[in-house]
Every structure is written in structure tokens, then in C-alpha cells.
Amino acid sequence: MPTKELLVIGELNVDLILNGIQGFPKIGTEILAQKMNLTLGSSSAIMAANASAIGIDTYFCGLIGTDDFGTFLLNSLESKGVKTVYIQKTTEHQTGITVVMSYDQDRANVTYCGAMEALTYQKIPWDELTGFKHLHLSNFFIQKGIREDIVKIFEKAKSLGLTTSLDLQWDPENLWDFDFKNCLPLVDIFMPNEAELLALTKKDTLDQALETIATCSNTTVVKLGDKGSLAVANGKRIAAPAFTNKNPVDTIGAGDSFNSGFIKKYLDGRPLEQCLQYGNLMGALSTTAPGGTAAFACKESIKKTLKETFNSEY
Ligand SMILES: Nc1ncnc2c1ncn2[C@@H]1O[C@H](COP(=O)(O)OP(=O)(O)OP(=O)(O)O)[C@@H](O)[C@H]1O
Ligand SMILES: [Mg+2]
């Protein structure tokens, strides 16, 4: 019997966020930013941190360098209660970083992938996996070492008895080279947003896109921003409206927070509709504070915001 709940396999990077930048950078010149913030970045890590914050027993498997940013990531995840025993260090690469230049509602990002590209099938602690109930993998396209073995990873996880979920995220190269026909049958919950699903299937409408993956996907959960989310399983559709936040601070990490909420109820054995609703609630919660994890600071603050902003229970 598994004694651990969730293993997240994924990329790790810090976000260096610059705000209040006076104009756009130009070659050969220097401009100033008024604010700087170094935070836990990466889709997978935000999902893991928020999953732990809402009560899932969460472990992370990833790769960092032997540098200060790596130590910062370990400390950030541990402070959120995420167990880091499966995070490995490499001397061959530095820890990944995204430099975020933030301009009002828009952002210009530069990412150095570093160690996150060097995580491979061989580095996953397979001998330990029978101890877990569920495997979640996120940000497929930027993890070069994971990409080639994605089908093998889900095959192995299923053979060891785990339930599985996958959030591909956006492909920065816009090539969408993902073998969905062979991989999705091994994924219990496929969790793209609408734009990603259209790009992957090369279709113009959500109906056409869902039709394209209908024979290979088990449960598809589509994130629809402030329109909420939609699940398709066994030919049936369930839609769940978003929770209204009149003054969202930003939507960074809303999708990852949705994933953590959805998986929380899924692991509790709740029906799909409740999984969607709780995913939506956690996505909306994320929009009440800057960045991906600030709204999930502690149980008391989560409870307070849910009650005051969304009239909902934890
Ligand atoms: N402005 C908003 N107001 C209320 N809820 C929101 C808002 N934006 C997002 N959400 C909630 O969060 C969920 C996930 O957000 P979204 O659809 O933006 O995911 P995503 O595009 O995968 O995000 P990410 O960029 O974090 O990967 C939505 O399904 C919705 O429930
Ligand atoms: Mg997303």
C-alpha cells in the first residue's frame, strides 16, 4: 500500500522579477528597475508548493546545480512543506533561472534552463515509486532530458500502480512535438489550457481539439482562465464556472494552483465536478496575491481569503 501521496517530477528555476523598469532595455545602455524580487519559479515547483500548502503530502523530483540558487529553491520548497529528498544536484550545470522584466500587465522573460534540461528517466527514483499514489509531471517541452522518454515514464508509473496527471504547458519553440497518441492513454488526467490544446492538436475550435484526442485521452481537463474549466471523460462533459475575483493582482501560477486543487480532490476520491470546482477555487485564490505562491502562505490566510473574497470554505 502506498504511504506517500504525490510525487511531482519537473523543472526547477528561480524567478528574478524586476518591476518599475524605466523603459525597455537597449543594447549598449543601462536602465533602472525600482523593485527586485527573487522567488520560487517554475510551473512544477509552484504546483508542488501549493499542493503541500493545501494539505497534500508532496515530494519533488528535479535537478539543481550546486549553487546558491539551488539552495534557495530547496529552502523555498521545504518552507512550504514539500519533501526534497528526490531533488538531485549536478556539478555539470547551474540551476535554472528566469529573469522577468515586468511591465504593468505584460512581462518579457529570459530563461536559462541549466540543470532542468538534464533531468532524465534514469534520474527518477523508480525503486521508491511504489510508495506513491500519484505522479504529476509538468512543463514537458522545456525539459529536454525528459521529453524523449515521456511515454516510458508514464508506462512505468502505471505499471507500478500510480495514478498520473500531465500539464504540458506552452511550447516555447511552438513545434508541439508531443506523442499524444501513445502517451495520453497512460495519463489519467490531462490538464492543458485552451490555447495549448488548440496548438497541440492544430485545430481552431475546442470541440475539434477535444474530438482529436477523444480516443486516446482518459480524462481531459481544460483550463479556461476567467471562464473556469471543463472536464471530458467517458464522452461526457462537465463545465465549472470560475470564481469571480473583481480585482485580480495577476494570474501568474493560476494554472498550477488549479492543478494542485484539482489533484487534492482527485486524491480524496471526489467526483470530477468537485475536483473542477476546487481547482477553480485554488486558481482564483492564486489571483489574489502577486506571483504563484504568495496566496498560499499558510492555512489561516488561505481560509481567510477564501471566506472573504469567494465566500467559500477551505
Ligand atoms: N481572472 C481570473 N479570475 C478567476 N479565476 C481565474 C482567473 N484566471 C484564472 N482563474 C482560475 O484559474 C484556472 C487556471 O487558470 P488559467 O486558465 O489561466 O491556466 P493556465 O493558462 O494554465 O495558467 P498558467 O499560466 O499558470 O499555466 C482557471 O481555470 C480558473 O478557474
Ligand atoms: Mg498552465
Side-chain angles (χ1 to χ4, degrees), residues 8 10-11 13 15 17 39-51 54 98 100 102 105-109 111 136-143 165-172 174 176 178 187 189-200 206 209 219-232 237-266 272-296 302 305-306 308-312:
V8 179
E11 87 290 11
N13 68 266
D15 276 355
I17 305 173
T39 65
L40 177 70
S42 50
S43 161
S44 308
I46 291 169
M47 188 276 177
N50 294 347
I54 59 172
T98 296
V100 181
S102 188
Q105 291 310 306
D106 254 323
R107 306 184 302 150
N109 295 355
T111 293
H136 178 78
L137 196 145
S138 185
N139 233 345
F140 163 80
F141 293 105
I142 66 169
Q143 298 183 77
S165 51
L166 171 67
D167 185 344
L168 288 178
Q169 297 285 17
W170 191 256
D171 179 6
N174 216 3
W176 300 91
F178 166 63
V187 174
I189 315 285
F190 178 45
M191 314 182 88
N193 70 20
E194 185 174 11
E196 290 154 4
L197 185 58
L198 296 181
L200 172 71
L206 191 53
T219 297
T220 306
V221 173
V222 189
K223 286 165 276 183
L224 304 168
D226 63 5
K227 295 203 291 296
S229 54
L230 174 77
V232 184
R237 285 193 191 190
I238 306 171
F243 288 80
T244 307
N245 180 10
K246 289 198 188 84
N247 300 303
V249 177
D250 65 48
T251 58
I252 299 168
D256 308 313
S257 305
F258 173 97
N259 294 347
S260 62
F262 184 99
I263 297 299
K264 167 81 180 125
K265 294 295 168 187
Y266 180 75
L272 260 185
E273 192 165 7
Q274 280 181 35
C275 300
L276 288 177
Q277 284 163 357
Y278 205 62
N280 286 343
L281 186 59
M282 293 304 118
L285 173 65
S286 160
T287 69
T288 62
T293 57
F296 293 76
I302 296 174
T305 312
L306 292 183
E308 287 174 1
T309 312
F310 304 110
N311 195 22
S312 293

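Both ligands and their constituent atoms are indexed starting at 1 by order of listing.
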Within the 4.0 Å heavy-atom shell around [X], which atoms of ligand 1 are there?
X	result
Gln169	27 (O)
Gly283	11 (C), 12 (O)
Asn193	20 (P), 21 (O), 22 (O)
Phe243	3 (N), 4 (C), 5 (N)
Ala254	9 (C), 12 (O), 14 (C), 15 (O), 26 (O)
Gly253	26 (O)

Do Ile252 and ligand 1 have an N or O pair less than 3.5 Å apart?
-> no
What is the ring orientation for Phe190 with Phe178, classed by angle as parallel under 30°, tilted 30 to 60°, or perpendicular over 60°?
-> parallel
Residue portion contacting ligand 1 (non-hydrogen atoms closer than 4.0 Å) for [X]:
X	value
Glu194	neither
Asn280	both
Leu224	backbone

[X] and [Y]: side chain donor to acceptor below 3.5 Å:
X	Y	value
Thr98	Asn109	no
Asn139	Ser44	no
Thr305	Thr288	no

I need the nearest protein heavy-atom contact for [atom]: residue, atom name and distance, please.
atom	value
atom 25 (O) of ligand 1	Thr251 O, 4.8 Å
atom 18 (O) of ligand 1	Gly225 CA, 4.0 Å
atom 19 (O) of ligand 1	Gly255 CA, 3.4 Å
atom 2 (C) of ligand 1	Asp226 CB, 3.8 Å
atom 29 (O) of ligand 1	Gly228 O, 2.8 Å

Any chance you could lay out the side chain to side chain contact (heavy atoms under 4.5 Å, CB included) test for Met282 and Leu306, step after step, and finish with the verdict?
-> CA-CA 9 Å; Met282 293 304 118; Leu306 292 183; 4.0 Å; yes
To the closest 0.5 Å, what do you measure between [atom1] ([X]) and [atom2] ([Y])?
X	Y	atom1	atom2	answer
Leu285	Phe243	CG	CZ	11.0 Å
Asp226	Thr287	CG	OG1	10.0 Å
Leu276	Tyr266	CG	OH	13.0 Å

Please list, in chain and residue-number order, the protein N/O/S atoms closer than 2.8 Å to the Mg ion (ligand 2).
-> Gln169 OE1
List the steps and the verdict of side chain to side chain contact (heavy atoms under 4.5 Å, CB included) for Ser43 and Gln169.
-> CA-CA 8 Å; Ser43 161; Gln169 297 285 17; 2.7 Å; yes
